[in-house]
Amino acid sequence: MAELTGWLLDLYPDPQAGAVLWLLGEDGKRHRLLQGFPLTFYAAGPNEQLRQLWRYLQSQPEVVELSRTERRDLFCPQPLPVLAAQVAHPAQQPGLFRRAAGRFPELNFYDADLSLALHHAAAHGTFPLARCRVETDAENKVQALQVLDTPWDLEPPPPPLRLLRLEPDVDPAHAPPKYVVVRGERLACRLSLAHPRPLLLNLSAILRQQDPDLLLTLWGDTWLLPHLLELGQKWRLPLPLSRDPGMGVEHRPERTYMAYGQVIYRGRQVYLFGRWHIDGCNAMLFHEYGLDGVYELARVTSLPVQSAARLSPGSGISAMQMVTALRQGVLVPWHKQQAELPKSAAELMISDQGGLVYQPLSGLHRDVAEIDFISMYPSIMRHFNISPETVTHPENPSPLRGEGVGLRGETEPTSPPDGAEPGVRGDWRLVPQLGLVINQGQPGLIPLTLAPLLDKRLALKQRQAELPAWDPRRQVCKAKATAHKWLLVTCFGYLGYKNARFGRIEAHQAVTAYGREALLQAKEAAEDMGFSVLHMYVDGLWVQKPGVSQPGQLQPLLLEIAERTGLPIALDGIYRWVAFLPSRVDGRVPVANRYFGTFQDGSLKLRGVEARRGDTPPWIARRQVALIEALAQLADDTLAHDLLPWLLRWLSHALAELRSGRIPSEQLLAAQKLSRALDEYRTPSPAARAAAQLASEGKHLRAGQRVRFLYTLGEPGVHAWDLPTPPDRRSLDLARYQELLIRAVGAVVQPFGIAEDELRLRARGSAPNVTFWPLPRLRENIAARVAT
DNA sequence: TACAGTCGGGG
DNA sequence: GTGTACGACTGTA
């Protein structure tokens, strides 16, 4: 009997028996442990069918223990009689279940398609990088397992992970790479791809010697690792990419699917066993929160690190809900099977509203405070206990399979005298406008899942604010908070997602209804306290009051709003000035989400303008940001009087730069996503034409993939960036880029009284090489910004 | 002018 | 393996 303490690295089914646990021991060694871990799935339905299923499962080769028992379905008040099938070896469960489900399509199956990691998290409280104490026998079999920390610890000590980076020297989609750049502990080298044998031998030696826990690559999923594995096969020199020699690697093919209301493309993926592979180019949102965010996501969601790095946050929050359900003994349905409650047309009109959006007072405003509800929708779900099983129709409480009840047991509707809070009677709360009621008796599945997340995110942000800017822990806190943000944001969308296991459209609508009400309450509070409300957008409002320009002066309003709504709210900042833009199509109409401004601390906020769009060429975006930064530095009197001549010089300077040919082509690249297959385009967009160019060179892109291109003269008007030959510099469509720049600049200066047409006229007449003289007070600042 | 195609924002 | 619904805007015909 031996005792081991360390960090949990990896967890997966052993092909023969039980679960494999990889532990990074405090002794510095990596331990491969085995643990017996049977998995149970359930089936419910007509008795006769369950009996047949029983006989069927008994006849199968897998070792299965069968029993009849009762479990709780989230939507049924009464326990559900089920058949429990306990499969001895987790690796055999998916296959057995697939056969059973195919044979008995009318039965409802539960807990049947969850990964081993989630089952293990529910059963043992494990999560990736959890600190564990393990007792093992002589054969490295786990006899006892104790988890020593929780995902909710704010700053767990970082495990001593070993990292190895592998990168091709160039983007393989753009040009054939020549080298693999390798960087590890006291190691940096470049291996030639032209000589496969030495490459493979060297890489194998490096992997053995360094024995990294994490292989961090660029294009490792989509190109590098598949390429290396292929070479390894061809030369009969297998690479030890996985730490577990018996497991090889797992390939997941590329795929496109519909989500976010659009087509999404995910490249192929390569998963390892016993160590992790993360491809910095194929990891969703990776650039936003980095490795620290990935570890944090893995810890709180219980998803393996390699999955947490690649999956969208939707699957993260979904995993958390499933673990909550498993821990509560609530069945996790195999397929989500829910229809919306029937609704009249009039109800549809009201309930299908989303967030409240106002039309701002367009133009330039000074000393404006922006206040935002913190994680508004998740906070609403928690505060009002909104969850698929708690929201229901009062006159029709049993629409599907049962009435809304709390998680921890049955709660009968009661109607005692009116409670203290308006809209609440006993255990029931009436949702404004929708005619829905929410059971308040027991915390729902979603609020239970969300509460620790909301608390931790606030704690992280607070900790981040306490730490000095130079402290590296501050960046770590920030990365973690950013990762949490995405979990919280998608949790709301998931309520309304038709295929979510724990989604229900009525719950989704209840959330937005409360959101609208909270915003209106906030508006009333602000107006009661003498503020004028310039704009409101879903969870934020922009307010102004003569004489109010310091953060402290907003505190009474914040307290009042928190008091009236019950929801947390904070000051985002006070703008020195903010400009709300009118519609480009009709200048009389303001639009809700195109604005920019500068806060008192000098930081900028931009929404909806060209610089925020992913398809804007970087050079255009940077010119626009630089211009806003310059405007932020200008004194009020300059803004009023001397702006036009200065601006025209600024513009000529930028246009001269464009014509000079000194801007790197990458800076002029537009990037757009293909929304469909090429032959499905009815009118060929620039992106479609660029994709067609690539297709004729044998590079076929699929719907959901991005295509990068330059605007060029003549037909077809674009030049795809990943074509083998770059375009002639002289064929660049400079007039097109000039127009894009003028539009971006026009949007910024419109609130300052300068019309876009004027810029266009003057630009045409300007000499190509006008010397640009910054205003004296601006010179320093602009030099600094342009450099970045 | 109509409509097809693409993007954002939440934080 | 998993977010929605919608409006603004641009380019093409």
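Order of the sequence lines sets the chain letters (A, B, ...), proteins ahead of strands, with each chain counted from 1.
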Report yes or no: do A/R310 and A/H277 form a side-chain donor-acceptor pair below 3.5 Å?
-> yes
For A/T324 and A/T449, test the side chains for any donor-to-acceptor distance below 3.5 angstrom and give the result as yes or no.
-> yes
Not counting sequence neighbours, which residues clear side chain to side chain donor-acceptor pair (under 3.5 Å) with A/R584? List them please.
-> A/E610, A/E756
Would you say A/R584 reaches C/dT10's phosphate, i.e. side-chain N/O to OP1/OP2 under 4.0 Å?
-> yes
Side chains of A/E370 and A/W542: donor-acceptor distance under 3.5 Å anywhere?
-> yes
Of B/dG10, C/dT2, C/dT12, the nucleotide closest to the side chain of A/P686 is C/dT12
Identify, residue by residue, the members of residues 705-714 of chain A with a heavy atom below 4.0 Å from DNA chain C, and return them in order of residue number, or none.
-> none
A/R266 CZ to C/dG3 P, in whole Å, measures 11 Å
Identify whether any heavy atom of A/G614 sits under 4.0 Å from a base atom; if not, whether one sits that close to sugar-phosphate; answer base, sugar-phosphate or nothing.
-> sugar-phosphate
Looking only at side chains, do A/E296 and A/H484 share a donor and an acceptor under 3.5 Å apart?
-> yes
Please work out if A/Y681 contacts a base, only the sugar-phosphate, or nothing of the nucleic acid, heavy-atom cut-off 4.0 Å.
-> sugar-phosphate
Contact class for A/R607 vs. all strands (heavy atom < 4.0 Å): base, sugar-phosphate, or nothing?
-> base
Would you please say whether a donor-acceptor pair under 3.5 Å links the side chains of A/Q269 and A/Y271?
-> yes
Rounded to whole angstrom units, what separation is found between the CD atom of A/E756 and the P atom of C/dC9?
-> 11 Å
Give the nucleotide from the list C/dC9, C/dG3, B/dG9 with an atom nearest to the side chain of A/T490.
-> C/dG3
For A/R676, report the nucleic acid contact type (base, sugar-phosphate, nothing); a contact means any heavy atom under 4.0 Å.
-> sugar-phosphate
C1'-based separation of C/dA5 from B/dT6 [nearest Å] | 15 Å
With C1' as the reference atom in both, quote the distance from B/dG8 to C/dG3 in angstrom, rounded to an integer.
-> 14 Å
